[in-house]
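One structure is given below, encoded as structure tokens.
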Protein chains: 2
Amino acid sequence: MAEVGSRPPTAQQFVLGEVRRAITSGELRPGTAIRQEALAGRLEVSRVPLREALKTLEGEGLVTYRAHRGYRVVELSMADLREVYRLREILEAEAVRAAVPLLDEAVLGRLEAAQAEVERAAGEGAVAVMAGANRRFHFALFEAAAMPRLVRIIGTLWDSTDAYRSLYYAGDQNRRHVVAEHRAALAALRAGDAEGAVRWFDRHRAAAVETLAGQIEA
Amino acid sequence: MAEVGSRPPTAQQFVLGEVRRAITSGELRPGTAIRQEALAGRLEVSRVPLREALKTLEGEGLVTYRAHRGYRVVELSMADLREVYRLREILEAEAVRAAVPLLDEAVLGRLEAAQAEVERAAGEGAVAVMAGANRRFHFALFEAAAMPRLVRIIGTLWDSTDAYRSLYYAGDQNRRHVVAEHRAALAALRAGDAEGAVRWFDRHRAAAVETLAGQIEA
DNA sequence: TGCTACCGTTTTGGATCCAGTTCCCGAGCA
DNA sequence: TGCTCGGGAACTGGATCCAAAACGGTAGCA
């Protein structure tokens, strides 16, 4: 009998989710060395599934690994952050352009549902909820492009900067920007205007990266 | 005392290299289920390092994983192959544009050395040698862009189609194309002409993907 | 004082063993 | 004949234990 929140079917998947969350939420700080025994103990599993989960996270770029020295939570420099956003700019533009001709009511419905949730969470200042809804909004669109590798790569880029993005949502000025930009992009999508949507998303990201740049230097 | 070819410092790294080679060389066929016990035995290690290596390969997109069902060598459909080449087109163009202003004699020297090796191998029909030299040529350029994530992503895209690319090099008409396109791109790079180089590389990839498309349907 | 070599401790890497799930095949039945 | 339901074999998932490498502190020495 599975509990309500039903844990994943394997310990490594459970651990993967927990550790990813801990890193992207900032609970495990950048630069921290990961003590396998301690972390495995805290999650009540042995080191084996933890190590496999860490290998996955290494592939996603959330941790680095050196033989016989173990894993460490990555530290992003300003240059790293800019690289991630530049790659997102390029790849998400491709996803949007590929998706627009394939959009149907089902996808648009999902986008609008996600957007409604974003707006509600933004109003309440529920940062974590908003981050989740925001991700659903963007990925509902990306997935419509029918390019699975592209979606996966974009996903890993998002993951690698999750901790910083939550910071951005903390400002309520910023949250209002997000809502407005989403609305504008959604209108362009409804009109079949891929280039218009791409421009709005570019502005969306640029605002975030510039704000973060300021905060990180401090 | 390390042997000449000196194995990696850990079993998982050794296994990773061996399995990756087996997959990209076609020795492990697409669609094959991976029997951990048998494969680990053949490589004379236990299943533990093999499983960690497989997790890495999953991250690279060379194998797929399903809980309790194990790993399987990925099968690329025609649509998959086109997606990979489209992503390479976008990402490699970015890498070239970023690299050109940063090129110096050291990089150009490496490019020319790699190109000389490509030409020698092409003449002799040494497919495997040519594949290696070709990769060094392209990645020497990509790495000059100083965008480590970008280089890594492009690397995984290359890996995922290695088996097919060797097929392309088997034709000596194709090998001549490669040599000519490299020369043209190199001349453009020397002249600081990023857009010219990008165009040549685009032609380079387009020729490969069209040829492969023909062969795969057969 | 500063450097180096050594040794005990900590931590990671790997092998083995056991548990749980899936797969495969055949018996029973409609 | 075709379908469903065991039941055992095969395979994956995970825990424990041991080996090997890295770390940290101290003693010895220049």
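Below, each value reflects all heavy atoms present in this structure, side chains not excepted, and no hydrogens, waters or symmetry copies. Here is how names work: the chains are called A, B, and so on, in the same order as the sequence lines, proteins then strands, and each is numbered from 1.
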Item to complete: Using modelled atom types only, decide if a donor and an acceptor are shared between the side chain of A:Arg175 and the backbone of A:Ala170 within a distance under 3.5 Å.
Response: yes

Worksheet item: Rounding to a whole Å, what distance do you find between B:Tyr65:OH and D:dC11:P?
Response: 16 Å

Worksheet item: Strictly by modelled atom types, are A:Asp80 and A:Ser77 linked by a side-chain donor-acceptor pair under 3.5 Å?
Response: yes

Item to complete: Find which nucleotide of DNA chain D each of B:Ala67 and A:Arg69 is nearest to by heavy atoms, and output the residue with the more 5' nucleotide.
Response: B:Ala67

Fill in: Interatomic distance, A:Arg66 CZ vs D:dA21 C1' [rounded to whole Å]
13 Å

Discussion item. Over all strands shown, is B:Glu52 touching base, sugar-phosphate only, or nothing at heavy-atom distances under 4.0 angstrom?
Written reply: nothing

Worksheet item: Which part of the nucleic acid, if any, lies within contact of A:Ile34, taking any heavy atom under 4.0 Å across all strands shown: a base, the sugar-phosphate backbone alone, or nothing?
Response: sugar-phosphate

Discussion item. Given D:dG13, D:dT12, C:dT12, identify the nucleotide with an atom nearest to the side chain of B:Glu37.
Written reply: D:dT12

Worksheet entry | Of residues 39-51 of chain A, the positions that come close to DNA chain C - non-hydrogen atoms, cut-off under 4.0 Å | A:Arg47, A:Arg51

Worksheet item: Would you find a donor on one side and an acceptor on the other, under 3.5 Å apart, between the side chain of A:Thr161 and the backbone of A:Tyr164?
Response: no

Worksheet entry | Presence of salt bridge, A:Glu94 and A:Arg97, under 4.0 angstrom | no

Practice prompt. Look at B:Glu210 together with B:Arg82 and state whether they make a salt bridge at an N to O cut-off of under 4.0 Å.
Written response: yes

Worksheet item: Would a 4.5 Å heavy-atom cut-off, applied to side chains only, mark A:Arg72 and A:Ile34 as touching?
Response: no

Discussion item. Looking at A:Tyr71, I'd like to know whether one of its side-chain N or O atoms comes within less than 4.0 Å of OP1 or OP2 on C:dG13.
Written reply: no

Worksheet item: Below 4.0 angstrom from OP1 or OP2 of D:dC11, is there any side-chain N or O of B:Gln36?
Response: no

Worksheet item: Would you say A:Asn174's side chain and A:Tyr169's backbone share a donor-acceptor pair under 3.5 angstrom?
Response: no

Polar atom pairs between nucleotides 5-10 of chain C and protein, under 3.5 Å, N or O only, would you list them?
none

Discussion item. Would you say that B:Phe139 contacts B:Val151 through its side chain, given a criterion of any heavy-atom pair below 4.5 Å between the two side chains?
Written reply: yes

Under 3.5 Å, sequence neighbours excluded: what are the donor-acceptor pairs made by side chains of residues 11-23 of chain A?
unit_1, atom_1, unit_2, atom_2, d
A:Gln12, OE1, B:Lys55, NZ, 3.0
A:Gln12, NE2, A:Glu52, OE1, 3.1
A:Arg20, NE, A:Glu60, OE1, 3.2
A:Arg20, NH2, A:Glu60, OE1, 3.4
A:Arg20, NH2, A:Glu60, OE2, 2.7
A:Arg21, NH1, A:Glu27, OE1, 3.2

Discussion item. Base, sugar-phosphate or nothing for B:Phe14? Non-hydrogen atoms, less than 4.0 Å.
Written reply: nothing

